[in-house]
Amino acid sequence: MSRLVQTAQEQLRGILHSAAQNAVVDGTFAALPTGAWRIEVPANRAHGDFSANAAMVWAKELRTNPRMIAQALVDHADLGDTYFTKLDAAGAGFLNFTLGAAYYADILLDIAALGDDYGQSELLAGQKINVEFISANPTGPMHMGNARGGALGDCLAALLARAGAQVSREFYVNDAGNQINKFALSLDVRYRQIVQPDNAPDLPEDAYQGADITALAQQYVDAHGDALLSLSEQERRAALVDFALPKNIQSMRDTVEKYRIVYDLWYFESELHKSGAVTELIAEMTAKGLTYEKDGALWYRASNAADEESKDEVLVRENGVPTYFAADIAYHRNKLLTRGFDTAIDIWGADHHGHVARMQGALDALGLDGTHRLKVILMQLVRLMSEGEVVRMSKRTGNAITLTDLLEEIPIDAVRFLFNLREPETQMEFDLDLAVAQGNDNPVYYCQYAHARACSVLRKLAEAGHPLRPCSREELARLQAPAETELIAHLAALTGMTESAATNCDPAKITRYCLELAGLYHKFYAACRVNCEDDALRAARLYLCDCTRSVLRRQLELFKISAPEEM
RNA sequence: GCGCCCGUAGCUCAGGUGGAUAGAGCAACUGCCUUCUAAGCAGUGGGUCACAGGUUCAAGUCCUGUCGGGCGCGCCA
């Protein structure tokens with residue numbers, strides 16, 4: 001939490017501690033209570049700014065009912081030289097603290113002094129975190145699921161960095177393994193269907209059916225004609241893959257760039273095989289006695305007495321080719337050991353959940369503490385809605401809505417914002433109509449509008465001869481209307497929100513924070529006229545506008561969402 | 001059959017790690033622009049927190065069971 005919030009809470013603890021001591025001195029309490037209590041923020045702000053549950057916690061050891069204890073504490077408390085101006089007992093024994101104007105004034109001075117650094121935290125300082133996301137299969141175009149993963153991963157990375165971590169964004173390119181063989185086969189069939197239509201096989205059921213495959217084959221024909229027919233099947237397929245795969249990868253890079261995502265590293269699965277990392281890993285696992293041979297394959301012994309549920313897995317197939325699982329262990333070993341990340345965060349579709357425990361277990365077996373150092377965020381799939389109906393997407397027929405299509409139809413601001421409005425593991429609907437709507441139902445516009453409005457006020461008043469100016473603590477303390485203090489209280493909560501969002505790996509907390517901040521600003525705007533007669537009050541309100549504008553812009557831009565000055 | 005996720009207002013969702021009368025936004029209705037952006041604000045109606053037990057001063061939140069929805073359980077990735 002921010003310095004000032006922390007200061008206020010320390011004062012609060014001090015007040016209650018002294019009150020309890022005073023109560024012991026005059027005999028009201030038999031002894032100094034020791035039970036640990038907490039500071040909370042009441043759901044209903046009319047109750048105060050903070051509340052403490054000390055009286056309820058202490059009820060047992062003091063053998064008195066909570067209300068009596070609360071009242072005794074109030075009677076023995078001295079607010080003295082603190083930010084608090086009011087303390088009262090309420091409800092079942094809550095102690096409600098109300099902050100005075102000096103606190104709000106100091107919050108604003110703090111925000112102005114820290115500028116873009118306001119809201120930042122040192123919570124994760126010193127931690128190296130790798131965030132891997134999208135990692136779409138390069139054999140085809142990216143789809144809606146990748147859209148959610150992209151928005152989530154990129155914003156999560158930004159959030160962790162804001163909480164002090166050293167963050168690296170990574171895309172894992174699965175350019176090896178079975179799906180590449182399938183890709184090769186599909187391309188080959190399509191190629192032959194084009195160059196020798198009379199003597200070409202049909203595309204097998206389990207091959208890639210998409211129109212993108214045919215298009216790639218056609219591109220090859222356009223560039224090189226039917227020269228491949230004279231080669232062996234193996235050579236022909238290799239040539240087609242060498243031609244098509246880089247094109248697909250480039251197209252992923254282009255799409256991702258349009259999506260405003262910048263990766264620190266594109267890591268190629270093929271590198272793991274070429275460099276010998278997979279072979280090394282298998283040797284290490286074998287040396288540690290984690291493997292055995294059966295049916296000509298090499299198995300990883302996941303099962304053990306402690307966990308009967310775990311199932312053994314194949315590492316090397318009967319044909320000598322390592323499985324995806326083997327490569328993936330090698331990949332994570334590379335992240336956690338070779339490259340020294342403290343934590344690896346992977347964002348996967350929820351359909352991969354079965355893989356999580358296996359992966360962590362294998363890393364644990366290697367002594368890498370996968371249980372704690374590998375965090376997998378499982379995203380539930382997205383249902384695309386339009387005009388109140390589900391837009392069906394089918395991979396098989398090849399008419400799936402691609403990420404590229406989506407980004408062409410919908411403003412990037414809206415996509416990034418809307419995908420970060422819900423927690424990752426909830427099944428969400430993505431409403432196409434809402435995303436393109438330029439109206440009040442679209443949450444991203446609501447936030448941007450609040451920002452533009454604040455900018456406009458600052459601009460207009462400057463033109464009228466009232467530019468933004470520094471304010472004294474006394475001037476800022478004039479901000480006492482409920483709409484003003486509620487707005488400032490929310491501004492004060494930003495750092496705590498950064499920390500909570502980072503701890504929970506949940507960027508949605510930040511988008512919702514922005515929505516609420518925008519709402520409170522709109523309320524303030526309606527309730528308090530900035531351009532009023534009183535010079536000090538006008539200056540203080542302008543100052544508040546500027547702080548709100550600054551925080552809102554910083555948060556939107558953290559997620560690479562634009563904060564327009566005019567709309 | 002086994003495992004993971006979810007179930008809160010008509011709809012989409014919050015609910016700070018157990019706290020006070022469960023909150024927003026859409027949708028519906030009613031007001032508010034001669035002054036800083038009406039892409040806004042104010043107000044009204046709307047709930048058996050899926051259901052049943054349990055844990056305690058206190059349960060939407062924790063534990064068990066049931067029902068309903070989504071997704072997994074390959075020498076696929």
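Residue numbers start from 1 in every chain, and the chains themselves are labelled A, B, ... in the order their sequence lines are given, proteins ahead of strands. Excluded from the calculations below are hydrogen atoms, water molecules and symmetry mates; all remaining heavy atoms, backbone and side chain alike, are included.
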Using the C1' atom in both, what is the distance from B/rG72 to B/rA77, to the nearest Å? 14 Å
What's the gap between B/rA14 and B/rG60 when it is taken at their C1' atoms, as a whole Å value? 12 Å
Is there a donor and acceptor pair closer than 3.5 Å between the side chain of A/H522 and the base of B/rC41? no
A/F94 stacking on B/rG19: centroids under 5.5 Å, ring planes under 30°? no
Taking only side-chain nitrogens and oxygens of A/K509, does any of them come within less than 4.0 Å of OP1 or OP2 of B/rG15? yes
Rounded off to whole Å, could you give me the NE2-to-P distance for the A/H47 and B/rG16 pair? 18 Å
Comparing A/E318 and A/L378 on RNA chain B - which has the more 5′ nearest nucleotide: A/L378
Roughly how many Å apart are B/rC63 and B/rG23, using the C1' atom of each and rounding to a whole number? 27 Å
Separation of A/R148 atom CZ from B/rC71 atom C1', in whole Å? 14 Å
With rounding to the nearest 0.5 angstrom, report the OG1 to CD distance, A/T64 to A/Q71. 13.5 Å
Taking the side chain of A/T323 as its heavy atoms from C-beta onward, which of B/rC5, B/rA14, B/rA77 lies nearest to it? B/rA77
Nucleotide nearest A/A90 (side chain, heavy atoms from C-beta), chosen from B/rA39, B/rA20, B/rC73: B/rA20
Would you call A/D535 and A/R469 a salt bridge, taking side-chain N to carboxylate O under 4.0 Å as the test? yes
Could you check how far OH of A/Y521 sits from P of B/rA39, rounded to whole Å? 15 Å
Base, backbone or nothing for each nucleotide of nucleotides 31-37 of chain B, written B, S, -, heavy atoms under 4.0 angstrom, 5' to 3'? ----BBB
Indicate, with a heavy-atom threshold strictly under 4.0 Å, whether A/E313 touches base, sugar-phosphate, or nothing. nothing
Closer than 4.0 angstrom, basic N to acidic O: yes or no for A/E170 and A/K335? no
Taking the six-membered ring for Trp, are A/Y521 and A/H451 ring centroids under 6.0 Å apart? no
Using a cut-off of 4.0 Å on non-hydrogen atoms, how would the nucleic acid contact of A/A92 be classed: base, sugar-phosphate, or nothing? nothing
For RNA chain B, list all stems, counting runs of three or more consecutive pairs where every pair is Watson-Crick or G-U wobble with both distances under 3.5 Å. B:1-7 with B:67-73, B:10-13 with B:23-26, B:28-32 with B:40-44, B:50-54 with B:62-66
Quick one: do the A/Q179 and A/T139 side chains pair a donor with an acceptor below 3.5 Å? no
Given B/rC76, is OP1 or OP2 found less than 4.0 Å from the side-chain N or O atoms of A/N178? yes
Just label B/rC73 as syn or anti from its O4'-C1'-N9-C4 or O4'-C1'-N1-C2 angle, using within 90° of 0 for syn. anti
How many whole angstroms separate atom CD of A/Q448 from atom C1' of B/rG40? 15 Å
A/D295 side chain: which of B/rC5, B/rC75, B/rA14 is closest? B/rC75
Most 5' of A/E425 and A/V41 on RNA chain B, judged by nearest nucleotide: A/E425
Start with the C-alpha distance between A/K523 and A/E486, add both sets of side-chain angles, then the distance that settles salt bridge (Lys or Arg N to Asp or Glu O under 4.0 Å), and finish with yes or no. CA-CA 10 Å; A/K523 282 189 175 108; A/E486 279 173 35; over 6 Å; no
Suppose you measure atom C1' in B/rC73 against the same atom in B/rG18; what distance do you get, rounded to whole Å? 35 Å
Determine, for A/D534 against A/R478, whether the closest basic-nitrogen to carboxylate-oxygen distance falls under 4.0 angstrom. yes
Can you classify the ring geometry of A/Y292 versus A/W299 as parallel (below 30°), tilted (30 to 60°) or perpendicular (above 60°)? parallel
A/Y446 side chain near B/rC41 phosphate (N/O to OP1/OP2, under 4.0 Å): yes
Rounded distance in Å - CG (A/N96) to C1' (B/rA20): 9 Å
Classify the nucleic acid contact of A/N53 as base, sugar-phosphate or nothing, counting any heavy atom under 4.0 Å across all strands shown. base
How long is the line joining CG of A/L515 and C1' of B/rC26, in whole Å? 13 Å
Measure up the A/Y267 and A/Y331 rings against each other and bin them: parallel (under 30°), tilted (30 to 60°), perpendicular (over 60°). tilted
Whole-Å distance, A/N504 CG to B/rA14 P, equals 13 Å
Measure across A/Y172 and A/S135 and return the closest heavy-atom pair with its distance rounded to 0.1 Å. N-OG, 3.0 Å
Just confirming the chi classification of B/rU66, syn or anti, using 90° around 0 as the syn window. anti
Using the P atom as the reference point in each nucleotide, state the distance between B/rG47 and B/rC11 in Å, no decimals. 13 Å
Using a cut-off of strictly less than 4.0 Å, decide whether A/R38 has a side-chain nitrogen or oxygen near OP1 or OP2 of B/rU17. yes
Which value, in whole Å, describes the distance between the C1' atoms of nucleotides B/rC49 and B/rC76? 41 Å
What's the gap between B/rG7 and B/rC62 when it is taken at their P atoms, as a whole Å value? 10 Å
Base B/rG72 to side chain A/H352, donor-acceptor N/O within 3.5 Å cut-off: no
Where does the angle between the aromatic ring planes of A/W37 and A/W58 fall among parallel (under 30°), tilted (30 to 60°) and perpendicular (over 60°)? perpendicular
Could you check whether A/D328 gets within reach of a base, just the sugar-phosphate, or nothing at all, counting any heavy atom under 4.0 Å? nothing
Against the side chain of A/M56, the closest entry in B/rA14, B/rG19, B/rC75 is B/rG19
Using a strict 4.0 Å threshold on nitrogen-to-oxygen distance, state whether A/E533 and A/R538 make a salt bridge. no
Looking across every strand, which nucleic acid part, if any, lies under 4.0 Å from A/R358 by heavy atom: base, sugar-phosphate, or nothing? base
Determine the Euclidean distance between corresponding P atoms of B/rA59 and B/rA38; express it in Å to zero decimal places. 46 Å
Taking the cut-offs as 6.0 angstrom to the six-membered ring centre and 45 degrees off its axis, would you call A/K182 and A/Y208 a cation-pi pair? yes
Figure out the NZ/P separation between A/K523 and B/rC41, and round it to whole Å. 7 Å
